[in-house]
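Below: the structure, in structure tokens.
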Amino acid sequence: MYRLAVCEDEEELRLDLCRLCGEILEELAVEHTVAAFPSAEALSAVLRAGETFDLLCLDIFLSGKSGMELAQELREYNDRISILFITSSEEHLKEGYSVRPIQYLFKPVQREELRHAIQTDLRLFHQPRTLSLRSGGQTVVFPLGDILYVESSNHTVEVRTAAGTQRFWITLSEVERLLPSDRFCRCHNSYLVNMAHITQIARKELCLTSGQKLPVSRGYYETAKNQFVHYLNTK
């Protein structure tokens, strides 16, 4: 569950920002909650009480305590929470880098810029690093970087790594839901491939760093190609 908080003292802007965040996370298929706070004091109180968030969208200029002051206080006891500053001025840009924000966005907030900031936070700090599957009463853990591809066969899947292959009684669609969509793509109804290991993709096949070639079906080619281009542009 990805937990996001919006702190903005102007009600209309607060509601609009919450709506945009919710829509973006829905589009990214990320299970989430979005909480709204009208002041830094209100947000500070719930944080001090033990409430946790993954990302704070903080307006810098707030009535009462500023978003910058809240961020500076927060960093005294919490280094893990991500901060996204929303501002109408460049006045505090230099000062703000001391609290390590993921990004600054200027008002009025543009949807694509907000989407990019959220995706950056998800990619850097909230991606699974392993795939865990059950086999014979045991749990097998694969580092994502070791997986070349996953292939479905007769109601089972085979997870292929450089070290070999292991079979599991699970569907490919179920495995796909466990893996980050910005690192793995379907190139065929029977194959799910790690884009970090793709060296070339064409209409009928793709090549892997291992030298293996996998089929690319007509129905998956355009989507797989676009996902791979996006992966190369954002890694």
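No hydrogens, no waters, no symmetry mates; every other heavy atom, side chains included, goes into these values.
For A224 against C185, the heavy-atom pair with the smallest separation is CB-SG, 4.2 Å. Considering all non-hydrogen atoms of both residues, F61 and D59 come closest at O-OD2, 3.1 Å. Pairing each heavy atom of V6 with each of L17, the nearest pair is CG1-CD2, 3.6 Å. Among all heavy-atom pairs drawn from C7 and L58, the shortest one is CB-CD2, 3.7 Å. Of all heavy-atom pairs spanning S44 and E73, the tightest one is OG-OE1, 4.4 Å. Here the shortest heavy-atom pairing between K65 and A40 reads O-CB, 3.4 Å.
Here CG of L192 is found 9.5 Å from OG of S152. Values are rounded to the nearest 0.5 Å. For the atom pair CD of E76 and CG of D79, the computed distance is 11.0 Å after rounding to the nearest 0.5 Å. Here the CZ-CG distance, from R177 to L172, works out to 10.5 Å after rounding to the nearest 0.5 Å. In this structure, CG on L70 lies 8.5 Å from CG on L62, to the nearest 0.5 angstrom. Atom NE2 of H230 sits about 10.5 Å away from atom CG of N226, to the nearest 0.5 Å. Atom OH of Y220 is separated from atom CG of L206 by 14.0 Å, given to the nearest 0.5 angstrom.
Under the side-chain hydrogen bond (donor to acceptor under 3.5 Å, both in side chains) test applied with T165, the options E151, E158, R160 reduce to a single match, R160.
In this structure, the side chain of D9 engages the main chain of S63 through a donor-acceptor pair within 3.5 Å. Within the 3.5 Å criterion, the main-chain N or O of I147 finds a donor-acceptor partner in the side chain of N194. Side chain of S66 to backbone of E69: a donor-acceptor contact under 3.5 angstrom is found. Counting only distance, with no hydrogens or angles, the side chain of N78 and the backbone of I81 share a donor-acceptor pair below 3.5 Å.
Residues D121 and S82 bring a donor and an acceptor atom of their side chains to less than 3.5 Å of each other. A donor atom on one side chain and an acceptor atom on the other are found under 3.5 Å apart for E174 and T171.
Remark: L13 pairs with E8, E10, K107 by the side chain to side chain contact (heavy atoms under 4.5 Å, CB included) rule, at least two apart or across chains. T120 pairs by the side chain to side chain contact (heavy atoms under 4.5 Å, CB included) definition with H116, R123, L124, not counting sequence neighbours. Residues meeting the side chain to side chain contact (heavy atoms under 4.5 Å, CB included) test with S210, sequence neighbours left out: L148, L208, Q212.
Residues L25 and L55 fall within the same hydrophobic cluster, defined by Ile, Leu, Val, Met, Phe, Trp and Tyr side chains chained together at heavy-atom separations under 4.5 Å. Each of I86 and L43 belongs to its own hydrophobic cluster when Ile, Leu, Val, Met, Phe, Trp and Tyr are linked at side-chain heavy-atom distances under 4.5 angstrom. If you chain together hydrophobic residues whose side chains sit under 4.5 Å apart, I60 and I102 never meet in one group. Note: the hydrophobic cluster containing Y221 does not contain V229 (ILVMFWY, side chain heavy atoms under 4.5 Å, direct or indirect links). In this structure, V109 is a member of the same hydrophobic cluster as V34, with clusters built from ILVMFWY side-chain heavy atoms closer than 4.5 Å.
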Run the side-chain contact (heavy atoms from CB on, under 4.5 Å) test on R19 and L15 for me, step by step, so that the C-alpha distance in whole Å, both residues' side-chain angles and the decisive distance to 0.1 Å come before the verdict.
CA-CA 6 Å; R19 177 185 58 79; L15 293 175; over 6 Å; no
If you apply the rule side-chain contact (heavy atoms from CB on, under 4.5 Å), what do you find for L105 with E113, and how did you get there?
CA-CA 7 Å; L105 295 183; E113 292 180 352; 3.8 Å; yes
Trace of the side-chain contact (heavy atoms from CB on, under 4.5 Å) decision for L144 with R183:
CA-CA 9 Å; L144 295 187; R183 293 185 63 179; 3.7 Å; yes
Going through the checks in order, is the salt bridge (charged side-chain N to carboxylate O under 4.0 Å, His left out) test met by E176 and R186?
CA-CA 8 Å; E176 187 172 18; R186 288 282 280 267; 2.8 Å; yes
Please evaluate residues F85 and M68 with respect to the criterion side-chain contact (heavy atoms from CB on, under 4.5 Å), reporting the C-alpha separation (whole Å), side-chain torsions for both, the decisive distance (0.1 Å), and the verdict.
CA-CA 8 Å; F85 280 129; M68 185 64 69; 3.8 Å; yes
Just do the salt bridge (charged side-chain N to carboxylate O under 4.0 Å, His left out) check on R80 and D54 with the steps written out, would you?
CA-CA 8 Å; R80 300 186 64 182; D54 298 297; over 6 Å; no
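Other residues, nucleotides and ligands contribute over 12 non-hydrogen atoms within 6.0 Å of the CZ atom of R111. By the neighbour-count criterion of 12 heavy atoms within 6.0 Å, atom CD of E31 is sparsely surrounded, having that number or fewer from other residues, nucleotides or ligands.
Between T130 and S132 there is a side-chain heavy-atom pair separated by less than 4.5 Å. The side-chain heavy atoms of Y149 and H197, taken from C-beta on, include no pair separated by under 4.5 Å. Between L114 and I24, some side-chain heavy-atom pair lies under the 4.5 Å cut-off. Under the 4.5 Å side-chain criterion, counting only non-hydrogen atoms from C-beta, I118 is not in contact with V30. No side-chain heavy atom of T33 sits under 4.5 Å from any side-chain heavy atom of Y2. Looking at I198 and C207, their side chains never come closer than 4.5 Å, going by heavy atoms from C-beta outward. S135 places none of its side-chain heavy atoms less than 4.5 Å from the side chain of Q166. Counting only heavy atoms from C-beta outward, the side chains of D182 and M195 never approach each other to under 4.5 Å.
The stretch residues 209-233 participates, sequence neighbours left out, in these salt bridge (charged side-chain N to carboxylate O under 4.0 Å, His left out) pairs: R203-E222, E205-K213, E222-K225. Applying the ring-ring contact (aromatic ring centres under 6.0 Å, His included) test to every pair with at least one member in residues 166-189, sequence neighbours left out, gives these pairs: F142-F168, H188-Y191.
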Just distance, no hydrogens or angles: give the donor-acceptor pairs under 3.5 Å from side chains in residues 46-53, sequence neighbours left out.
| unit_1 | atom_1 | unit_2 | atom_2 | d |
| --- | --- | --- | --- | --- |
| E51 | OE2 | R3 | NH2 | 2.1 |

